[in-house]
Amino acid sequence: MQCPLLYRFRVIDKLPEKPSEAATRGTLVHAVLERLFDAPAADRTAPRARALIPGQWDRLLESKPELGELFADDAEGERLSRWLGEAERLVERWFSLEDPTRLEPAERELFVETELESGLRLRGVIDRIDVAPTGDVRIVDYKTGKAPRPEYAEGPLFQMKFYALVIWRLKGIVPRRLQLVYLGSGDVLTYDPVVADLERVERKLLALWEAIDLATRTGDWRPRPTKLCGWCDHQAVCPEFGGTPPVYPLSVRPAESGEGDQGRMGPDRAEAGRPVALEGR
């Protein structure tokens, strides 16, 4: 949805991308907030959460040694120290938004997967699921950035509706609430979905997969320039920046009569039984 050509570079060409400080800090903060709930409720304090940061950073480095490249030129450790301090401030802000001593998550970092009748498989990882005594389900997602302006809020909300659709199709339960916790700005955004919302999301996903399937078969992936282009690792091979994409690694054939332009959101159809999947992040 962000950029068809970027999808190709990541999913088909599998071009490498450098780790970023912002994304890695987000991974670190998520790990800390997940692990904090291992402690008894009374011990879920801000000092304890801060104390988890060095150990979780060490674990990240152990699992992904390439992250050490982020601070390879930081001989004195000053940038790393500031970076860890920013992670601390994000974790501390969370305590002003939610009270972990009153929460007992049903699930944390839960991998979910379901297959629609069309054969399209949906999967993703949900930061936290809370279940009330009444059985009501709340899906919670942590964001380490700032809350978007209202006109840009649909993107993150679509991600949450994606998760809600997976839970609905998997368990037959429509989540009572979707909650986005923005640690960068201290905002909490909520949305209460209904069945009609999730049905619309399902139709959109099927149309999106049709566009992906068409582009995969024809090799016709087009860039979609936005302000996010400035942060893209693939400018050197992007036509928008004068680059040439690598040779397409898959066999291609022309679009058949009746198939629209690449990237269109067309009729709701997918090839049943085909091993296809969309991931929510």
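For the numbers below, each heavy atom of this structure counts, side chains included, while hydrogens, waters and symmetry mates do not.
Side chain of W209 to backbone of L120: no donor-acceptor contact under 3.5 angstrom is found. In this structure, S96 contributes its side chain and E92 its backbone to no donor-acceptor pair below 3.5 Å. With R138 contributing its side chain and R177 its backbone, the two residues share no donor-acceptor pair below 3.5 Å. Between the side chain of T24 and the backbone N or O of E21 there is no donor-acceptor pair closer than 3.5 Å. Checked by atom type and distance alone, the side chain of Y7 never pairs as donor or acceptor with a backbone atom of I12 at under 3.5 Å. With K14 contributing its side chain and V11 its backbone, the two residues share a donor-acceptor pair below 3.5 Å. Put simply, the side chain of R44 gets close to the backbone of A39: a donor and an acceptor are under 3.5 Å apart. Side-chain atoms of D233 never come within 3.5 Å of backbone atoms of E17 as a donor-acceptor pair (strictly under, hydrogens ignored). With hydrogens and angles ignored, the 3.5 Å screen pairs a side-chain donor or acceptor of Y248 with a backbone N or O of T216. In this structure, the side chain of R8 does not engage the main chain of W221 through any donor-acceptor pair within 3.5 Å.
Side chains of D74 and E78 form a contact here, defined as non-hydrogen atoms less than 4.5 Å apart. Annotation: side chain of F158 is in contact with side chain of L205 (closest heavy-atom distance under 4.5 Å). Taking 4.5 Å as the limit, every side-chain heavy atom of D127 sits out of range of all side-chain heavy atoms of V140. Side-chain atoms of L116 and R169, non-hydrogen and from C-beta on, do get closer than 4.5 Å to each other. No side-chain heavy atom of L6 sits less than 4.5 Å from a side-chain heavy atom of L228. Side-chain atoms of P100 and W94, non-hydrogen and from C-beta on, do get closer than 4.5 Å to each other. Put simply, the side chain of V252 does not reach to within 4.5 Å of the side chain of T218, judged on heavy atoms. The side-chain heavy atoms of V174 and V194, taken from C-beta on, include no pair separated by under 4.5 Å.
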Run W57 and T27 through side-chain contact (heavy atoms from CB on, under 4.5 Å) and show every step you take.
CA-CA 9 Å; W57 173 231; T27 301; over 6 Å; no
TODO: Begin from the C-alpha positions of C3 and T226 and carry the test side-chain contact (heavy atoms from CB on, under 4.5 Å) through to its verdict.
DONE: CA-CA 9 Å; C3 174; T226 69; over 6 Å; no
Next item on the list: Any chance you could lay out the side-chain contact (heavy atoms from CB on, under 4.5 Å) test for V166 and R123, step after step, and finish with the verdict?
Entry: CA-CA 7 Å; V166 175; R123 57 179 175 241; over 6 Å; no
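To the nearest 0.5 Å, atoms CD (E202) and CZ (F162) are separated by 11.0 Å. To the nearest 0.5 Å, atom CD of residue Q179 and atom CG of residue D141 are 10.5 Å apart. Rounding to the nearest 0.5 angstrom, the gap separating the CG atom in L97 from the CG atom in D99 is 11.5 Å. In this structure, CG on L28 lies 7.0 Å from CG on L84, to the nearest 0.5 angstrom. Considering CZ of F241 and CD of Q235, their distance stands at 4.0 Å, rounded to 0.5 Å. A distance of 9.0 Å separates CZ in R89 from CZ in R25, rounded to the nearest 0.5 Å.
Hydrophobic clustering places L183 together with L103 (ILVMFWY residues linked when any side-chain heavy atoms are closer than 4.5 Å, directly or through intermediates). Placement of V29 and L180 in two distinct hydrophobic clusters is found when ILVMFWY residues are connected by side-chain heavy-atom separations under 4.5 Å, directly or transitively. Hydrophobic clustering of Ile, Leu, Val, Met, Phe, Trp and Tyr side chains at less than 4.5 Å, counting indirect connections, keeps L36 apart from I126.
Results of the salt bridge (Lys or Arg N to Asp or Glu O under 4.0 Å) test with R128 over E107, E109, E98 single out E98 as the only residue that passes.
Below 30°, between 30° and 60°, or above 60°: for H30 and Y142 the angle between ring planes is above 60°, a perpendicular geometry.
A salt bridge links R108 to D38: at least one charged side-chain nitrogen sits closer than 4.0 Å to a carboxylate oxygen. Under a 4.0 Å N-O distance rule, the pair D73/R79 qualifies as a salt bridge.
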